[in-house]
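Structure record follows, encoded as structure tokens.
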Amino acid sequence: MDRYNKSLAINGGEPVSAVPVPIHQPMLGEDDFAAVDQAVRSTFVSGDGPACREFEKLLAEYLGAKHVLFVNSATAALELAFRVKDFPAGSEVIVPDFTYTSTALGALYNNLKVVLADVYPDNGSIDVSRIESRITGRTVAIVPVDYAGIPADMDAINAIARRHGLYVVHDTAQSIGSIYKGRKTGTLADLSTFSFHGTKNLTTGEGGAVVTDDDSIAARIRVLREKGTDKHTFITENRSRGFYEYVDTGNSYVQSNILGALGVSQLRKIEMMNGLRQAVAEYYLSNLRNIPGLEFIRQPEDSRTNWHIFGILVPPEHRYWIMDALRAEGVMANVHYSPLHTNSFYRGLATDDEMPGSMNFYNRFLRLPLYPSLSAGETDIVVRSVRKVFGS
Ligand SMILES: Cc1ncc(COP(=O)(O)O)c(C=O)c1O
């Protein structure tokens, strides 16, 4: 790598592409537009409508799970995941240090204490060997995250949870369609939480889902997401009494029927969309290998990612320069999360030295553009830009 190479666009040379290749883009087509149009025209636009119920049913079938509850974000799903359990205030929840703030917020909204655990330096997934030392007499739960769509090592995590009687909430925000030892993510824990935010592989604009096989958890979350009312059964059972009852506290986390319709049309093509992502990822893997200073993030052999993110690991001292140099060439490379403990709100929960894996991963990590509609021309721009910047 020659940072002073005059042919690089960052140094005044000709860029590989004058039109930038964005980092992500949702795949929205005529099928999605028609589904939304139909839902609006039906005039059933409020929450928990027929399209929401169809989306929940189809998603449960797709995952092989018993209950899917469509809510307005993964953050809301994580809050409900803890709200439903009524753990005593101050109980401890183990959260990986390298994740989005929402993974911790679910516990924090419920007056629980977040305890950080380190992650593997080569893929950002919770380091299974670092969990047990974080468990105390007050620990009640673990929240593994499928960073980049790569499933956490759920068998090992569930075994630890069983040994210590802990609840496992699987933050599957990024991993719809990923497979761990032959099973889809969403079926691997007591409860899982998906995100359908605009950047995710399946999007409803904003949105999320609680997924569980536990009937009583599902029944209570149905009430909690609907302002603490039993409106869900009221609609389902078509009762004639003319009102529904306030049976608990809760919040308004149901999703509009318009978004349910979008969820159905997106779900119908999730395998196709993930397949297109995989083709792009395979093109990068075969055309960017053997570049000195560039490594791919580790994919465990017993799982299959949904390629939510394509991550590379680069020398930390050059990371921001590489990002800027790629952007100058027309590739919108980006960094991603900063470790929780480095953010002002979480400072004090750990030091850099206590989270070496997380710091190592964070300091080396860069994302390359990856989305289903990337054209062959665009993937070629990415490959040529990376090779040019790395001088290889
Ligand atoms: C790991 C993880 N958890 C939770 C969330 C929150 O998702 P949402 O925006 O649907 O609340 C995200 C969003 O990017 C995420 O990456």
Side-chain angles (χ1 to χ4, degrees), residues 23-26 52 55 59 68-83 93-110 114 116-117 119-120 123-126 141-152 154 157 168-178 180 185-186 188-189 191-211 221 225 251-256 259-260 262-263 266 297 305-311 334-341 343 345-346 358 361-362 365 367 370-371:
I23 190 92
H24 56 70
Q25 218 156 46
C52 297
F55 178 48
L59 185 54
V68 170
L69 299 167
F70 189 29
V71 292
N72 43 26
S73 67
T75 308
L78 285 154
E79 180 186 345
L80 292 166
F82 286 98
R83 174 73 184 84
V93 176
I94 296 176
V95 170
D97 184 48
F98 191 83
T99 188
Y100 193 56
T101 187
S102 301
T103 313
L105 290 178
L108 291 173
Y109 281 143
N110 288 282
V114 165
L116 298 176
V119 303
Y120 296 121
N123 70 4
S125 199
I126 191 164
I142 313 175
V143 194
V145 175
D146 293 342
Y147 182 68
I150 301 170
M154 294 306 293
I157 293 163
V168 180
V169 174
H170 191 182
D171 182 340
T172 52
Q174 303 182 9
S175 71
I176 184 132
S178 295
Y180 173 79
T185 62
L188 306 167
L191 187 150
S192 305
T193 55
F194 285 98
S195 172
F196 309 125
H197 176 259
T199 54
K200 300 301 188 290
N201 293 30
L202 182 162
T203 187
T204 57
E206 299 281 352
V210 169
V211 180
I221 290 182
R225 73 167 175 177
N251 213 321
S252 188
Y253 291 157
V254 283
Q255 280 283 70
S256 160
L259 300 182
L262 184 54
Q266 285 273 295
I297 64 175
T305 178
N306 66 355
W307 291 109
H308 176 57
I309 284 173
F310 193 91
N334 210 350
V335 296
H336 206 204
Y337 305 147
S338 50
L340 288 183
H341 81 271
N343 289 269
F345 183 67
Y346 295 102
S358 180
F361 185 69
Y362 163 64
F365 183 79
R367 301 169 67 179
L370 181 59
Y371 47 91

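Both counts, for ligands and for their atoms, begin at 1 and track the order of listing.
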Pick, from A76, G106, A74, the option with the minimum heavy-atom distance to atom 8 (P) of ligand 1.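 The residue whose heavy atom sits nearest atom 8 (P) of ligand 1 is A74.
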Identify which of Y100, Y147, Y337 has a heavy atom lying nearest to atom 16 (O) of ligand 1.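 Residue with the shortest heavy-atom distance to the ligand atom: Y337.
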Take the angle between the ring planes of Y147 and F361 and call it parallel below 30°, perpendicular above 60°, tilted in between.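 Rings of Y147 and F361: perpendicular, over 60°.
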Enumerated ligand 1 atoms positioned under 4.0 Å from heavy atoms of [X]:
X	answer
V145	1 (C)
G207	10 (O)
Q174	1 (C), 16 (O)

Taking the six-membered ring for Trp and the single ring otherwise, decide whether the centroids of F98 and Y120 are under 6.0 Å apart.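 Not close enough - the centres of the two rings lie 6.0 Å or further apart.
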Report yes if T75 has an N/O atom closer than 3.5 Å to an N/O atom of ligand 1; otherwise report no.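 Such a contact does occur with ligand 1.
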Is the shortest N/O to N/O distance between E206 and ligand 1 below 3.5 Å?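 No, since none of the N or O atoms of E206 sits under 3.5 Å from an N or O of ligand 1.
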Any chance you could lay out the ring-ring contact (aromatic ring centres under 6.0 Å, His included) test for F82 and Y109, step after step, and finish with the verdict? CA-CA 9 Å; F82 286 98; Y109 281 143; over 10 Å; no
Looking only at heavy atoms, is any part of S102 under 4.0 Å from ligand 1, and if so is it the side chain, the backbone, or both, or is it neither?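 It is the side chain that gets close, since no backbone atom is under 4.0 Å.
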With heavy atoms under 4.0 Å as the rule, classify the contact between S73 and ligand 1 as side chain, backbone, both or neither.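 Both backbone and side chain.
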Quick one: does S175's side chain have a donor or acceptor within less than 3.5 Å of a partner on P151's backbone?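 Between the backbone of P151 and the side chain of S175 there is no qualifying donor-acceptor contact (under 3.5 Å).
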For D146 and T172, test the side chains for any donor-to-acceptor distance below 3.5 angstrom and give the result as yes or no.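 Result is no, nothing qualifies.
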Does a side chain donor of either N343 or S338 reach within less than 3.5 Å of an acceptor in the other side chain?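 There is such a pair (donor and acceptor under 3.5 Å, judged by atom type) between the side chains of N343 and S338.
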Please evaluate residues Y100 and T75 with respect to the criterion side-chain hydrogen bond (donor to acceptor under 3.5 Å, both in side chains), reporting the C-alpha separation (whole Å), side-chain torsions for both, the decisive distance (0.1 Å), and the verdict. CA-CA 10 Å; Y100 193 56; T75 308; over 6 Å; no
Which residue and non-hydrogen atom of the protein lie closest to atom 14 (O) of ligand 1, and at what distance in Å?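 Of the protein heavy atoms, K200 NZ, 2.8 Å lies nearest.
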Can you tell me which residue and heavy atom of the protein come closest to atom 3 (N) of ligand 1, and the distance to 0.1 Å?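 It is D171 OD2, 2.8 Å.
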Measuring only between side-chain heavy atoms, which start at C-beta, is Y253 closer than 4.5 Å to E79?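 Yes, side chains in contact.
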